[in-house]
Amino acid sequence: MSRSRSGDRDGPTLVAAECEGSIGLQIDVGVLVAHAPGTDPGRLQSFATQAAEDTVDELASVTDVAWRFYLEDAVPLADHDKRRPSEFLDRATHQMVEGPYDLILVVTDVPLVSSKERFVPGLASPLARVAIVSTNNLRSAPRNDPRRSLEDDAVRWNTATLVVHLVGHMLGARHRDADGGVMEPFQFDPDRRAVPSIDADVERYLHRIAAELSAAEARPRGPVERLTFHAASAVRNPGRILQALGNSRAPLLPLSLPKLSTAALAPTLVIVFSAESWDVGFHMTNVTAALFAAVSIFTATLYLLFVQNLSFPRKRHRIVTEHTALVNVTVFFVLLLAMVGLFGLVWAIILVIELVVFPPNLMSNWPSLEEPTVGFIDLVRTGAFISTIGVLSGALAGGIESRIIVSHLALFPDRP
């Protein structure tokens with residue numbers, strides 16, 4: 001699907017284009033430069049422009065689609081610290097919707113780290129259709145040698161190779177699909193002076209899916225239409241969302257959020273020794289306890305999503321693209337699984353207290369119990385009830401820092 005660009009408006013500059021492919025489609029790529037303090041943005045933009053010009057012919061030839069790169073205004077960063085690729089998502093999704101673009105390429109000069117804290121030259125997200133390239137790693141040199149400059153031929157052609165490599169990943173190509181060529185695991189080659197060829201099998205695959213690359217978009221008139229578009233995008237792409245969730249380890253996220261976990265656990269340590277909570281938990285049915293837990297976890301997820309403003313882009317736009325919708329759906333499910341993980345963490349602690357710390361005969365002496373016997377199912381149900389209250393208090397009182405949750409999103413595979 002070829003869309004009309006907003007290139008008529010002031011702002012983005014067409015930096016690289018290719019004639020129309022035989023299938024008559026066009027892919028618009030937004031190029032965003034994010035530079036550290038003290039960096040000349042014009043120099044980094046010139047480097048990004050050169051990378052686009054070096055890759056456009058190769059991408060057009062293997063996909064049989066016209067590729068157009070548009071340079072957006074440079075974005076200054078607050079410091080020189082290393083960054084995870086997810087930290088660029090807000091600005092990237094903003095530009096994707098503002099363009100609108102089918103892909104976003106971010107070029108930065110700060111160090112880029114993967115989810116395993118490895119320094120990498122670049123990473124790509126097939127789900128978000130965003131690629132990040134760091135010149136910091138590409139300019140590194142052997143010990144005792146000066147750092148390479150952006151004008152170095154090795155930096156230029158390794159960057160072009162990396163861009164094609166990352167675009168291949170965004171189109172669904174994998175390392176194991178490659179038998180030589182540009183889709184092999186990327187390594188910096190100081191003697192490289194051209195972009196390696198793409199393997200024939202990978203080329204056929206990229207050519208086949210090129211017609212599906214252009215993103216669907218909508219102009220919802222209200223929250224209901226916006227929600228409907230998000231749901232429809234998720235239904236069309238369940239595999240991408242499930243893959244991101246599988247890599248996210250979202251249920252373990254509360255272990256990295258001590259503020260949230262403390263706010264959830266602290267009140268339950270008091271409630272568990274309250275006779276009133278045991279009365280409610282003991283006389284509650286299993287179905288009621290399960291529904292109360294499910295509704296509370298869902299409510300806590302929605303509360304964090306909207307109060308912490310964790311949807312992308314943060315600024316509301318009239319246009320919603322399928323890629324940003326998929327990112328938002330993934331964020332929602334990451335939060336939902338995190339709340340499930342928090343519930344499980346608090347529940348396990350409460351069960352240990354009930355089984356090990358709590359006096360075993362104390363419940364039998366409480367006059368409010370019609371039956372003096374307290375079974376294991378009663379302990380489990382009561383613990384679930386108390387843990388549900390902990391999840392609600394954790395979400396309301398503890399909250400999370402948006403930057404922390406964003407940094408844990410598993411949208412970018414660990415290797416370039």
Close side-chain approach of [X] and [Y], heavy atoms under 4.5 Å:
| X | Y | result |
| --- | --- | --- |
| Y101 | V29 | no |
| E322 | N237 | yes |
| E58 | T55 | no |
| T268 | I389 | no |
| R91 | V106 | no |
| L112 | N136 | no |

Taken in chain and number order and not counting sequence neighbours, the residues that satisfy ring pair (Phe, Tyr, Trp, His ring centres under 6.0 Å) with W347 are F343
Sequence neighbours left out, what passes ring pair (Phe, Tyr, Trp, His ring centres under 6.0 Å) with F292? Give chain and number order. F385
Any donor-acceptor pair under 3.5 Å from [X] side chain to [Y] backbone:
| X | Y | result |
| --- | --- | --- |
| S393 | A263 | yes |
| R219 | V320 | no |
| D28 | D102 | no |
| R68 | Q26 | no |
| Q308 | Y303 | no |

Once the angle between the rings of H165 and F186 is folded into 0 to 90°, is it parallel (under 30°), tilted (30 to 60°) or perpendicular (over 60°)? tilted
Any carboxylate oxygen within less than 4.0 angstrom of a Lys/Arg side-chain nitrogen, looking at R43 and E151? yes
Test F69 against every option in V56, L103, I27 by the side-chain contact (heavy atoms from CB on, under 4.5 Å) rule and name the one that passes. V56
Looking at L32, V130, T108, L123, which hits side-chain contact (heavy atoms from CB on, under 4.5 Å) with F88? T108
